[in-house]
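All values derive from a computational prediction rather than experimental measurement. Residue numbers begin at 1 in each chain, while the letters A, B, ... track the order of the sequences.
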4 protein chains.
Amino acid sequence: MTVPHRADARHNRARVLAAAQAAFAEQGRAVPLDVIAGRAGVGAGTVYRHFPSKESLLSAVMSERIERLVAEIGALTGDSADPGATFFAAFERSVEQVVLNKALCESMASGEQVRVEPGVRERYLAALEPLLSHAQEAGAVRADVALHDVMTLIAGCATMRAAGGAVGTSVVMDGLKAATAVTKRNETRCVECGDPVPPAGTGRPARYCGNACRQRAHRRRHASG
Amino acid sequence: MTVPHRADARHNRARVLAAAQAAFAEQGRAVPLDVIAGRAGVGAGTVYRHFPSKESLLSAVMSERIERLVAEIGALTGDSADPGATFFAAFERSVEQVVLNKALCESMASGEQVRVEPGVRERYLAALEPLLSHAQEAGAVRADVALHDVMTLIAGCATMRAAGGAVGTSVVMDGLKAATAVTKRNETRCVECGDPVPPAGTGRPARYCGNACRQRAHRRRHASG
Amino acid sequence: MTVPHRADARHNRARVLAAAQAAFAEQGRAVPLDVIAGRAGVGAGTVYRHFPSKESLLSAVMSERIERLVAEIGALTGDSADPGATFFAAFERSVEQVVLNKALCESMASGEQVRVEPGVRERYLAALEPLLSHAQEAGAVRADVALHDVMTLIAGCATMRAAGGAVGTSVVMDGLKAATAVTKRNETRCVECGDPVPPAGTGRPARYCGNACRQRAHRRRHASG
Amino acid sequence: MTVPHRADARHNRARVLAAAQAAFAEQGRAVPLDVIAGRAGVGAGTVYRHFPSKESLLSAVMSERIERLVAEIGALTGDSADPGATFFAAFERSVEQVVLNKALCESMASGEQVRVEPGVRERYLAALEPLLSHAQEAGAVRADVALHDVMTLIAGCATMRAAGGAVGTSVVMDGLKAATAVTKRNETRCVECGDPVPPAGTGRPARYCGNACRQRAHRRRHASG
DNA sequence: GATGAATGAGAATTCATTCAT
DNA sequence: GATGAATGAATTCTCATTCAT
């Protein structure tokens with residue numbers, strides 16, 4: 001049902017999605033549905049045919065944005081000459097996407113989870129995770145930062161940009177590069193949840209705090225939908 | 001009109017303000033005016049007598065919060081033994097105030113200027129400015145950060161906290177220090193203010209740089225609202 | 001909250017209730033709320049101030065009707081010279097109330113419980129119950145009929161009347177008496193309450209058993225709502 | 001247009017009719033047309049090709065139900081050993097058909113004539129009429145009940161059943177059997193409309209109140225569609 | 001001054017009906 | 001002929017603001 005078979009319907013769905021993306025980006029979540037319909041050049045009923053509620057339209061827009069981001073990040077992943085640069089490029093692209101979207105900023109600032117279609121969040125995290133861990137292994141990023149923290153840092157940087165700040169992102173990126181400041185010496189943290197990893201006497205330091213997180217990361221890597 | 005002469009009116013104005021503060025903080029800008037009036041135990045008309053519009057009520061609430069913050073910062077200013085610690089303490093207090101207020105977070109994330117009464121913004125900036133410049137002179141904060149940038153950094157940190165991030169503020173604070181000196185190896189830093197902790201020869205490494213920070217962290221842990 | 005203190009509000013509430021009663025009665029449950037508001041000469045918001053939803057307005061209307069019915073039945077209860085006549089009078093008044101209200105008919109025919117305010121149904125049943133049991137003790141009504149059955153018989157008679165049937169109620173009432181005694185030949189019965197009419201030696205046979213029924217039928221003929 | 005020539009179209013028409021019957025029966029008249037189309041496995045347009053409006057679809061469904069009932073009643077008619085039993089069997093079958101159909105109950109309770117295709121009502125009445133008059137002649141049914149009254153009694157019994165009443169129909173049937181209670185002695189009523197028939201001094205008592213009803217009954221006897 | 005009632009302009013959502021594919 | 005997409009009027013409910021009491 002997501003994508004209709006008929007060409008004209010597919011066309012209209014795309015127009016609605018584009019109009020909604022623009023309207024949400026400019027006016028935020030509170031933009032009336034009629035405005036979106038008007039911008040798309042369709043009736044309100046048509047919007048509802050494609051998306052059963054305003055909420056689901058918002059989530060479709062968000063999902064589409066994030067999928068695009070996943071694709072961009074995927075393109076970056078290959079070039080791993082400089083893991084730090086690659087990670088920070090992905091970070092910046094993410095911030096930019098969020099900034100462009102007022103509705104997304106509002107959602108994040110409200111402390112609500114941004115609602116997206118199933119699997120989208122997982123795919124995004126799966127795309128970002130190797131970039132983060134490679135950068136951390138290369139010493140380009142603080143080791144005590146978990147994937148989840150990166151998400152909130154992105155949200156914060158977006159707010160800064162929305163608030164008109166120029167240096168915000170660079171400050172955060174500097175903070176990410178700083179050698180493990182607050183973290184206790186030699187402590188390692190789970191790259192999934194950020195909890196401390198019990199030190200193992202020998203061998204390579206553990207990346208996860210336990211099986212639960214290892215499994216979760218694994219699932220995400222293979223998540224499809 | 002700002003503050004009425006009659007005692008009962010003054011009393012009502014204060015009750016409305018308190019109710020509005022709580023309501024905006026908990027439910028955000030979209031909270032209906034009737035809810036605020038109800039919480040204040042007055043009629044909707046009374047709210048309008050004191051504040052000509054919902055917008056102006058919001059701005060009064062914001063102004064009152066910020067004035068309180070200005071007072072807190074003013075209290076810190078005296079103790080200038082460690083300019084870096086003083087600045088970061090003010091920074092954190094500011095972040096906390098913002099985080100407590102959903103309406104404020106929303107406003108900042110929307111990229112709109114938070115509307116406050118005339119002079120309030122100026123007084124806040126005037127309170128923060130000496131702290132920033134002293135900290136910069138002492139080399140505790142990057143010199144290329146302007147007062148205006150600090151404001152957006154505060155907004156960003158609030159968003160991170162609202163989004164559930166734990167390390168956001170510490171990353172930003174590290175970033176603010178970063179240009180000065182990359183953290184020395186083996187050095188431990190105060191988990192409250194990020195300053196270096198004098199190495200103790202024996203026992204468990206200290207978590208705080210001194211009693212002030214220990215106490216501050218304690219208070220925060222038991223803060224109620 | 002049910003009844004406001006201010007006189008004008010009480011007045012408006014009554015107007016809304018009256019308008020809703022009329023609108024539901026004439027057009028059924030599906031009548032738009034705007035129509036009710038218009039008939040009451042108030043804005044839609046005023047309707048919602050007094051009744052939080054259309055559903056609750058309907059239930060208030062129903063409850064008010066039924067309370068009126070309870071009062072009428074209460075007035076009948078005193079006159080217990082003829083328990084059968086008293087019961088059947090209450091029965092007929094109930095049918096008439098239901099018939100006047102299209103919304104009520106619809107609800108009953110849908111097999112849904114008619115929603116009324118708490119206690120109303122109970123009061124109605126409490127008013128009807130002694131009438132039924134006295135009539136049964138006097139042998140005027142079949143002993144195998146429960147109070148609940150009477151309710152559905154009322155609903156059925158209302159539908160018959162709504163469908164334009166003239167004899168429906170008398171058939172049902174005969175059925176209720178049937179087990180006791182098959183009507184005697186040559187006997188005439190009151191067209192209002194179904195009781196036997198004392199035979200008059202001369203002239204046109206009497207249609208009513210007495211002045212009470214004649215008057216009641218007259219009133220009904222000129223009832224307005 | 002009623003029945004298409006092409007086999008697939010005829011097939012679709014039947015599917016729509018069956019789906020509509022089920023949907024109306026379960027959910028009442030307010031069931032959305034898309035739901036009906038969905039249950040039939042066709043598009044909304046197809047429904048409109050076969051039935052020009054929702055109203056006409058409803059009427060087609062009703063007509064089809066009633067035609068089926070006519071057939072059942074026709075089967076009963078032959079066995080005239082016990083005219084009373086035959087009539088009451090037809091009565092009960094009719095009630096059951098109505099109860100099964102929420103839309104039909106709603107229509108009847110609204111006091112609106114149930115809209116059926118031309119001739120259908122007439123055929124139904126024509127099937128029921130001889131059963132009623134034979135039962136009346138045999139003294140098994142009150143003589144003062146007209147065909148039209150039987151229709152409303154059926155509607156009433158259906159409402160009682162929908163309202164959960166168990167004894168409703170039996171009470172009505174008892175009422176129908178009771179010897180001519182309310183009717184004035186020797187009075188005859190038109191078997192078509194139920195109005196009193198002016199007494200003729202001589203010959204067989206008139207069955208109709210006038211030429212209009214005689215003609216109407218005649219037409220019904222020979223109605224074809 | 002306080003109250004809370006009234007207003008009425010939206011906002012989301014549904015659905016019978018039409019029409020391009 | 002069939003399909004299902006598009007339409008847009010209608011409906012319920014909300015809420016900032018005004019105003020009579």
Is the closest side-chain heavy-atom distance between C:Asn12 and C:Arg49 below 4.5 Å?
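Result no, sub-4.5 Å side-chain heavy-atom pair not found.
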Please name the pair of heavy atoms, one in [X] and one in [Y], separated by the smallest distance, quoted to 0.1 Å.
X: C:Lys54; Y: C:Val31; result: NZ-O, 2.9 Å
X: D:Tyr48; Y: D:Ser53; result: CE2-CA, 4.0 Å
X: B:Ala20; Y: B:Val61; result: CB-CG2, 3.7 Å

Please report the distance, rounded to the nearest Å, between [atom1] in [X] and [atom2] in [N].
X: C:Phe51; N: E:dA5; atom1: CZ; atom2: C1'; value: 14 Å
X: C:Ile36; N: F:dT12; atom1: CD1; atom2: C1'; value: 12 Å
X: C:Leu57; N: F:dT11; atom1: CG; atom2: C1'; value: 15 Å
X: C:Leu58; N: F:dT12; atom1: CG; atom2: P; value: 12 Å
X: A:Glu55; N: E:dT13; atom1: CD; atom2: C1'; value: 14 Å
X: C:Arg6; N: E:dA2; atom1: CZ; atom2: P; value: 16 Å
X: D:Arg29; N: E:dA16; atom1: CZ; atom2: P; value: 13 Å
X: B:Tyr48; N: E:dT7; atom1: OH; atom2: C1'; value: 13 Å

Electrostatic pair [X]-[Y], nearest N-O below 4.0 angstrom:
X: A:Glu55; Y: A:Arg115; result: yes
X: D:Glu112; Y: C:Lys102; result: yes
X: B:Arg39; Y: B:Glu26; result: yes

So what's the dot-bracket for DNA chain F: Watson-Crick or G-U pairs under 3.5 Å, [ ] if a pair crosses, | if it pairs off-strand?
.||||||||||||||||||||
Closer to the 5' end of DNA chain F via nearest nucleotide, is it B:Ser53 or A:Gly43?
A:Gly43
Please figure out whether A:Gly45 or B:Gly45 has its closest DNA chain F nucleotide nearer the 5' end.
A:Gly45
Please classify the nucleic acid contact of A:Ala9 as base, sugar-phosphate, or nothing, using heavy-atom distances under 4.0 Å.
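Contact class for A:Ala9: sugar-phosphate only.
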OP1 or OP2 of [N] less than 4.0 angstrom from a side-chain nitrogen or oxygen of [X], does that happen here?
X: B:Asn12; N: E:dA2; result: yes
X: B:His50; N: E:dG1; result: no
X: B:Thr46; N: E:dT3; result: yes
X: A:Arg49; N: F:dA5; result: yes

Closest-nucleotide mapping onto DNA chain E: is B:Ala44 or D:Val31 further toward the 5' terminus? I mean the 5' end.
B:Ala44
Quick one: on DNA chain E, does A:Lys54 or A:Ala7 contact a more 5' nucleotide (nearest heavy atom)?
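Looking at DNA chain E, the more 5' nearest nucleotide goes with A:Lys54.
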Minimum-distance nucleotide (side-chain atoms of B:Leu33 versus E:dA16, F:dA16, E:dT3):
F:dA16
Heavy atoms from C-beta onward define the side chain here; which of F:dT12, E:dA6, E:dT3 lies closest to that of C:Asp34?
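Per side-chain heavy atoms of C:Asp34, the pick is F:dT12.
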For the CG atom of B:Leu58 and the CZ atom of B:Arg29, what is their distance to the nearest 0.5 Å?
7.0 Å
